Amino acid sequence: MDVSHILDELNDAQRAAVTSDDQHLLVLAGAGSGKTRVLVHRVAWQIQAQGLNPYNVLAVTFTNKAANEMSHRIQAMLENPVPELWCGTFHGIAHRTLKMFNKEANLPSGFSVIDADDQLRIIKRIMKDEKLDDALWPPKQIQWLMNTWKEEGKRAKSIKTGNDLQKKAALQVYTHYEKKCIDEGLVDFAELLLKSFELVQSNSVVKSYFHKRFASVLVDEFQDTNTIQFKWLLEILSNQTLVTAVGDDDQSIYGWRGARAENILGFEKNFKAANTVRLEQNYRSTSVILDAANALISNNQNRLGKNLWTESNKGEPITLYQAYHEQDEARYIADTIKNWMNSGGSYSEAAVIYRSNAQSRAIEEALLRIRVPYRIYGGTRFYERLEIKNAMSYLKLAFNPGDNLSFERAISNPPRGIGQKTLQNIREASIKFGTSNFAAARQMSEEGLLATKAKNSIDAFIAFIEDIKNNLSILALSEAIDRLINFSGLIEVYEKEKGEKGKTRIENLEELVTAAKIFEEDFPQDTPLIDIAATFLDNVSLDAGDAQAGAHEDAVQLMTLHSAKGLEFPLVFMSGLEETLFPHIRSMDSPDQLEEERRLCYVGVTRAKQKLYITYAEIRKIHGSDVFNPPSRFIREIPAELIDEVRPRASVTLSYERKSSQAPKDFKISEGISLGQRVMHKKFGQGIVLNYEGTGDSARVQINFDNAGSKWLVLSFANLEVL
DNA sequence: GTATTATACCCTTCT
DNA sequence: GGTATAATAC
């Protein structure tokens, strides 16, 4: 077979990596150097040039988006669908393993995957039962501690807490949590990895399955592997397995999730005679963008070090826009995208990226206002929305009656006359009977242990769940979900909800039906309906919601910096570059975390191919109140000559909305000084007047200084010079 | 006992 | 800005 197409258009380093005969290959690849490309071509090379069966290949990545992308590119390269090639996230593959070997893993066949939200709920319940003070030990911290243990591969029984009271509390929760999850057939994200690791390690059948099946294992974004993932990897490899790891220490941004970039070094240590190939030529960005990225990342101490270069032309300078507030920032971004579109670009070439999901709102509003279509990745994930979780809890319960979490959610939404008291009774009965809450409720009803009113509604509820269960084998999934939604009474509840909220909730529920419809189309005609439903349920827990309608429309892409990794766009906006936001306040006092923030910024900058915009706002509303932050330090770390600074037009007034109790925006605080006025202070330098209080000699003004941040000053002492 | 309304309180990033 | 808990109305 002619395989030259695999090697065409590769540079020497890429070709060396693709065709390497070494059993253990490490590719250190800078941003935009063709990392994924090497991975895809290497798979094609192994299959088409070396005759490897796709069935014997495993490709692992970190996000669903990256996995889908890789899978598509491999199939395009091979010009053949290869469903037998395993390609997925660590979590997805672990999940698949547990489904295949659920008996060996001691899990019920219908076990459910729970998200961080569900996990927190369970922790809160346990803390209540165990009488642990949640003011003293915030459940979130307990959750974090517990997941950290899990990510290190530790079970409750093997943990030593010493005298650390918080750890003791966390361990107490962990112990009960483990039991609860086993009893109810629940598996959280960290548990997927941990259990799957333990399974491969301890079960020779499973282990030899992996060893025999996977002759070639490829791992993308290797710098993001955590302890348990690395250990899992070591377990599934035989001493013949071909291993390809691709990574970039400068793009390690998951330290907070237990990722250890040192695993890159561990690779060379664990696999003797590992060959390392470096890819340092960048094909993605203009030299301006690359220079900015290099300058920025050179501020980090902790690096393996590499030298990214490019042959591409200089390109346009980076545009820095200083906005008055987040609405102004959003408006600027929206207008600029519209202009891009009007001058022949397409919406999908533009991406707006930000540090935290909450920032998307202002941008969405601005895009909506001028009717620019957009698509959000992540955010409050579709399947994490309240109304969707409520609807899905019925489905989950139909599949896994032992799932008490779903039982409680379903029976309480919509309200059906079963309140906390009855629920508590059911919980107690289930402990007494040694069954699930669902079974206990049924038994209580049968044994006449319920008041008539409660009995009636519980009987109806049980019948409804049975009905759903039946429907799942005789109706299309989307049809079954449609009925579930319409007969559950959820719609009626949301119809009564005031304002837009209820309306969007109902729209989301309709979208759930659409998502199910799209999902079921991918299955062959003769697939049992119940299997489609089961697969849907599994996907929902692990997938951020790419099955959403409108996925392929031409739309601006909105996402966090984290989810932007691995993607590239001609036009990129990095928004909200303000201290405390980016770098985030919770990462500012630890040097390690600050370096991770900088790597995050590096990831953001290197997403841009042609043109990069950086924006920040002087005033930003955070949790309802105004915050004034100086521009991010990362802006200053980019050489000034690469930046073209733009300030709002003088004619733009502060459209910032003030409460009526406050002064009109054009109010003169004092002679020559009004809101928005630029002034000079002899100690703090230049700044802009943002706010004031009081009058006369006691008047105080708030000024956001360019270099000194925002300060309140007494006007009569400040000696401000009007500029 | 349950449903509704009001107040308190949190708030990064992803699987 | 939204949700979870607490206090009150049904």
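Predicted model only: the values in this text are computed from it and were never measured. So you know, we letter chains A, B, ... as the sequences are listed, proteins then strands, and number each from 1.
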If I take atom [atom1] in residue [X] and atom [atom2] in nucleotide [N], what distance separates them, rounded to the nearest angstrom?
X: A/Asn456; N: B/dT2; atom1: CG; atom2: P; answer: 14 Å
X: A/Arg586; N: B/dC11; atom1: CZ; atom2: P; answer: 6 Å
X: A/Asp592; N: B/dT13; atom1: CG; atom2: P; answer: 21 Å
X: A/Glu492; N: B/dT4; atom1: CD; atom2: P; answer: 13 Å
X: A/Glu408; N: B/dT2; atom1: CD; atom2: P; answer: 13 Å
X: A/Arg599; N: B/dT13; atom1: CZ; atom2: C1'; answer: 13 Å
X: A/Asp589; N: B/dT12; atom1: CG; atom2: P; answer: 14 Å
X: A/Asn147; N: B/dC14; atom1: CG; atom2: C1'; answer: 12 Å

> Could you go step by step and tell me if A/Glu329 and A/Ser575 meet the side-chain hydrogen bond (donor to acceptor under 3.5 Å, both in side chains) rule?
Replying inline: CA-CA 8 Å; A/Glu329 178 186 49; A/Ser575 66; 4.6 Å; no
So, is [X] near the phosphate of [N], with a side-chain N or O under 4.0 Å from OP1 or OP2?
X: A/Asn357; N: B/dT13; result: yes
X: A/Asn425; N: B/dG1; result: no
X: A/Arg355; N: B/dT12; result: no
X: A/Thr560; N: B/dT12; result: no

Per [X] side chain, nearest of listed nucleotides [options]:
X: A/Gln593; options: B/dT2, B/dC14, B/dT12; result: B/dT12
X: A/His562; options: B/dT13, B/dT15, B/dT2; result: B/dT13
X: A/Trp256; options: B/dT13, B/dT12, B/dG1; result: B/dT13
X: A/Pro415; options: B/dA3, B/dT2, B/dC11; result: B/dA3
X: A/Tyr254; options: B/dC14, B/dT12, B/dG1; result: B/dC14

> Between A/Lys396 and A/Phe407, is NZ or CZ placed under 6.0 angstrom from the six-membered ring centre and within 45° of the ring axis?
Replying inline: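 No, A/Lys396 and A/Phe407 do not form such a contact.
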> When A/Asp250 is tested against each of A/Lys565, A/Arg303, A/Arg598, A/Arg599 for salt bridge (charged side-chain N to carboxylate O under 4.0 Å, His left out), which residue passes?
Replying inline: A/Arg303
> Can a salt bridge be assigned to the pair A/Glu387 and A/Arg385 using a cut-off of 4.0 Å between side-chain N and carboxylate O?
Replying inline: no
> Is there side-chain contact between A/Glu579 and A/Tyr616, with at least one heavy-atom pair below 4.5 Å?
Replying inline: no
>> Under 4.0 Å, heavy atoms only, any strand: does A/Thr63 hit a base, just the sugar-phosphate, or nothing?
In response: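 Since only primed, P, OP1 and OP2 atoms lie under 4.0 Å of A/Thr63, the category is sugar-phosphate.
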>> Base, sugar-phosphate or nothing for A/Glu597? Non-hydrogen atoms, less than 4.0 Å.
In response: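 Touches a base.
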>> Show the nearest heavy-atom pair for residues A/Leu405 and A/Glu184, with the distance to one decimal.
In response: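 Smallest interatomic distance, heavy atoms only, reads N-OE1, 3.8 Å.
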> DNA chain B: A/Ile418 or A/Phe189, which has the more 5' nearest nucleotide?
Replying inline: A/Ile418
>> Return whichever of A/Leu600 or A/Gln420 has its heavy-atom-nearest nucleotide of DNA chain B closer to the 5' end.
In response: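 Between the two, 5'-proximity favours A/Gln420.
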Pairs under 3.5 Å (N/O, protein and nucleotides 2-9 of chain C):
unit_1 : atom_1 : unit_2   : atom_2 : d
C/dG2  : OP1    : A/Arg361 : NH2    : 3.4

>> I'd like to check the side-chain contact (heavy atoms from CB on, under 4.5 Å) partners of A/Glu69; sequence neighbours left out, ordered by chain and number.
In response: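 Partners of A/Glu69 by the side-chain contact (heavy atoms from CB on, under 4.5 Å) criterion, ordered by chain and then number, come out as A/Arg73.
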> Just by distance, do the side chain of A/Ser430 and the backbone of A/Ala440 share a donor-acceptor pair under 3.5 Å?
Replying inline: no
